[in-house]
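This report refers to the structure that appears directly beneath it.
By convention in this document, chain letters (A, B, ...) are assigned in the order of the sequence lines, proteins followed by strands, and residues within each chain are numbered from 1. What you see below is based on every heavy atom in this structure, not just the backbone, and it leaves out hydrogens, waters and symmetry mates.
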Amino acid sequence: MNDHGLSLGRSAGIRDGRLRDGGATGAGVAAATSLDDYADLQRGEVALWSSPQLADRPLIVPRRAVVTDDRNVQPSAAPAETMLTARGVTKSYRRGEHVIPVLHGVDVDIRGGEFLAIIGQSGSGKSTLLHLLGTLDRPDDGEIYFEGHRIDNLSPAGRDVLRNRHFGMIFQFYHLLPEFTALQNVLAPLMIGNGLFTYLASRRRLRAQATELLDMVGLGHRLRHKPRELSGGELQRAAIARALVSQPRVLLADEPTGNLDQGTGEEIMRILRTLNREQKLTIVMVTHDAAIAASADRQVRLVEGRLAQA
Amino acid sequence: MYKYLLCWRYLRSRYIALACIISVMLGVATMIVVNGVMEGFTHKMEGRMHEILSDISFQSRSYDGFENPEWHMNRIRQIVGEDIAGMTPTVNTPALLSYEAGGRYFNQTVQLIGIDERTYDTVGDFGKYLQHPENRHELSFSLRDGGYDVRDHQEEAGTQIREEMKEAGWPHRRRVAQRAAAMRVAQPAPITPDDDLFQARAHGEQAANPQAAPDSDPNLKPNTGAILGIALASVRDQEGRDHFRILPGDDVKLTFPGIGNPGTSNRLGIHEQFTVVDFYESKMSEFDASFVFVPLQDLQRARGMIDPTTRIGRVTSIQIRLKEGADLEAVRDKLRTSFSPYYYAIQTWRDMQGSLLAAIRVETVVLNLLLFMIIAVAGFGILAIFYMIVFEKTRDIGILKSLGASSQGIMGIFLSYGMSLGAVGAGSGLAIGLLIVTYINKIAHFLGWLTGRPLFDPSIYYFQTIPTIIDPLTVGLILGGAMLIATAASILPACRAAMLRPVEALRYE
C-alpha cells in the first residue's frame, strides 16, 4: 500500500540532521505520529487508522462510537484501494420552515493519491459535500468511508481526531486564526492534537516541522507575521502549510483560489499539484472554475445534488 | 496548549475584557477594605471592652446592693474557685456630676462606681487608662503634684498635645484658689442663684467656697478623690484637640441616691464634694463620657450602705476576672444555677455589650452581602462581554473545530479565559485593597483635606486612627468567591461556543 503520509514527512524537509538537533526522539515525525495513534488505539479512546499497517490490526471501537453494524467496517462496502468513499449521501438544510435539499444521493470514490476536482455552480452543494467528507457535518442519509471504515457515524471525539490527524482542510477565506502568527497558525493542529506536556516536550521538533512547511510554501520569512499582515496568497499558503502539518492522508480544498487573483491562484494550484505529484497526497478540491479544475487528475460535476462525470 | 495560548492572546487583545477585570478588581478591593476596617474596629472595640469590663459581672438587681460581700465572694470561690483569677466588690449607682467652669454650672448624668483600690486592678486593666504615670503603676485617689501626661500615652504618635494637662494637679488647684481670692477682692459677691443653692447644702468644711480665704488650708485641702471619664471633662474638636473644662485639682460635686425606701430611710440627693485626681480614658466614648470612679468605702459611707453594728458595707456587684482559658459561659451558667436570678444578674462582658457586638456583626454580614452583590454584578458583566466575544469569535471556533479541536477544548478556552479574568481582577483587587488598608489613615486624611471635612472624625470615634485588620481567611474567601463568580459567568458563553457546529461557525465570512 502507499505510504505517502510517511513520504510527505520526509520530503517536507524533515531531514535527519534536524531531527538529531531536535533531541533524543530520533524517530521520524511520521513514525511518531503513528505511535501516538497507536497509543490512542491501545487506550481505546478513538478508533483510527493512522497507517495502512495499523488498519490490518483489529479495530478498537471507541467507547462512544456509534459503529454498531459490523457490515459497515467490511472492506467490501467500499473498494479497498479507495481513500474516501461517499455512498448515497443526502443532505438538506432547514431554513425556518423550509427544508432545502442540497444533496440527493451522491456517490463518489476517491482513490489514494488522486487529485479530484468537484465542479459545481454556487449553491450546488459542493461545499456541503466537502464538509461531509471532512466530517465537519453529518449526512442525513448515506455513508462515508475513509480507508474502508465508516466515519460519518463516529463519535465526536473520533471525528475530532480524524480531522486533526488525517484530513487537512483549506478554505476559500483561508480561515487563519487572527490572534496567532503564521507559525502559530501552522502549529495549531499540533497543539490541538497533543496534550500540553507532550506539546511542550516536543515543541522544538514540532516548530522545526512547521517552519519547514512554511519554508516549503515560500513563507519562511513571514513566520512571525499575523494574518492581517499577510496578503491573500500568503494567507492561503500558510493555510496549506497548516493543513499539511499533521501529515494528513487527504487534503480537502474548498475553493482554494476563489478569493485570489489569477496569478496568485495559479501559484496555489502549482503547490497543490506538486504536493499531489511528488508526495502522492490525495486531494479533493471543489471549485466553480473549470479552468482551475482542469489541473486536477479527474473532474466530476455536481449538478442538482448529484454527481456526473465531467 | 492552544487553549492557553488562545486564552492568553484573547486576554491581551480584547480590551473589552479590561472592563471585566476592573469590575472584579473594584469589587474585591472594596470588600477587602471594608472587611479590614470592620474587623479592625470590632477587634479593637472588643479588646477594649474586655480590658475595661471584667470577665463576669455578678450584679445585684437593685442599686441598694446586697449585704456581706465577703460571704458572696467565698460562695463564688466555692463554686468556680479553680477558674478565678481575681475578684473585686464595687458599688454602682447613677449620679449627677456638677461643677463650675467658665462661670457657669455644668450638670451631667454619670455612672458612679465605687471601687476598691487594692483589688480593682485584679479584674481589669483599669490603671492602664489613667493619665498619671504613677496612677497607672499603683492606683491612688490622692491628688498628684503635677506630672500628668500631656500626650496620649496609648497612641504612638500624631496625636495633639494636651497643653492644659501640663499644670494639672496641685499647681492647678493652687492657681484656682488664688484666682478665686483675686476675684473676691475685685467683686465682693459674684455668686449666682445656682451657687447659692449648692452652697447652702454643701458640707461647710469641705466646700470649695470662693468666699473663703485662698491661702487658708481648709480650702486647698482636697476632698475625696474622683477619677472622671475624660469625655466628661473635655470636648474634642475636629482636629482631635481636647479642650478641658476641668482638670485634676478641680472640685466637682456628685449627687446620688441613698438606699432603702425613698423619702423615709433613703435620703435622695446626697451631695458629696470630690476632687478630680485623674482622668480615665478607655477610648470607648460611651464609657469615657459616663464613668466616674470614687473610693468604695467613701461611696458606701455616703450612701449609708455600711451596717452600723457590723461595720460591713453593702456592695452592688462583684467583678470577677477568670484565669486564662477558662470557659466564660460555663462559669456564668454555674453561678446562675447557684444564685437566684431574682436578686442577681450574672453576665459575661459579652452579654453586657451583647447588643453592640451583635449590631457590629450584623452590619458586617449585611455589608459583605451587599458588596458580594457588586461582584455578582461584575459577573453578569463578564457574562455579557463573553457572549459578545463568543459571537465575535464564532469563525475562530469553527476553524479550531475544523482542525480537530474538541467541544471540551473550545469550552476550556472560554472557561480558562473567564477564570484568568477573575484571577487577574481578584489579584489586582487584592493588591489595591491591601494598599488602601495599609495607607487608609493617610488616604482618609487626604480625602478630608480635599473635601474640607474630615472623613474620620476622632471626636466621634475616640480612636485617633482607623484600626484595620487583614484576616487571611476572609481575604481568601473573597478571592475565591470572585474567581468562582467570574468562572461561573463564563460557563454559559463557553457552552454556547462549544455547541457551535463547525459548519455553521465557518459559514460566517
Is the shortest heavy-atom distance from the side chain of [X] to the side chain of [Y] under 4.5 Å?
X	Y	answer
B/S402	A/H131	no
A/F180	B/D396	no
B/L403	A/R242	yes
A/P178	B/K393	yes
A/D137	B/R501	yes
B/L400	A/H175	no
A/T128	B/V503	no

Original post:
What is the distance from atom CD1 of A/I192 to atom OG of B/S406, rounded to the nearest 0.5 Å?
Top reply: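 That separation rounds to 8.5 Å.
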
**OP:** Hey, could you give me the OG1/NZ distance between A/T135 and B/K401, rounded to the nearest 0.5 Å?
**Re:**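 Answer for the OG1-NZ pair, A/T135 versus B/K401, is 12.0 Å.
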
Original post:
Quick one: of A/F167, A/F171, A/F197, who has the most non-hydrogen atom pairs under 4.5 Å with chain B?
Top reply: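 Heavy-atom pair counts peak at A/F171.
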
So with a 6.0 Å cut-off around [atom1] of [X], is the heavy-atom count from everything else above 12?
X	atom1	answer
B/Y439	OH	no
A/H225	NE2	yes
A/Q121	CD	no
A/R203	CZ	no

[X] versus chain B, the contacting section by heavy-atom distance below 4.5 Å:
X	result
A/Q172	neither
A/L190	neither
A/Y174	neither

Original post:
Considering residues at least two apart in sequence or located in another chain, which fulfil the ring pair (Phe, Tyr, Trp, His ring centres under 6.0 Å) criterion with B/F380?
Top reply: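 Ring pair (Phe, Tyr, Trp, His ring centres under 6.0 Å) list for B/F380, sorted by chain: empty.
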
Return a table of donor-acceptor pairs under 3.5 angstrom between the side chains of residues 411-433 of chain B and protein atoms on other chains or two or more places apart.
unit_1	atom_1	unit_2	atom_2	d
B/S416	OG	B/G412	O	2.5
B/S416	OG	B/I413	O	3.2
B/Y417	OH	B/Y10	O	3.3
B/S420	OG	B/S416	O	2.5
B/S420	OG	B/Y417	O	3.0
B/S428	OG	B/V424	O	2.7
B/S428	OG	B/G425	O	3.2

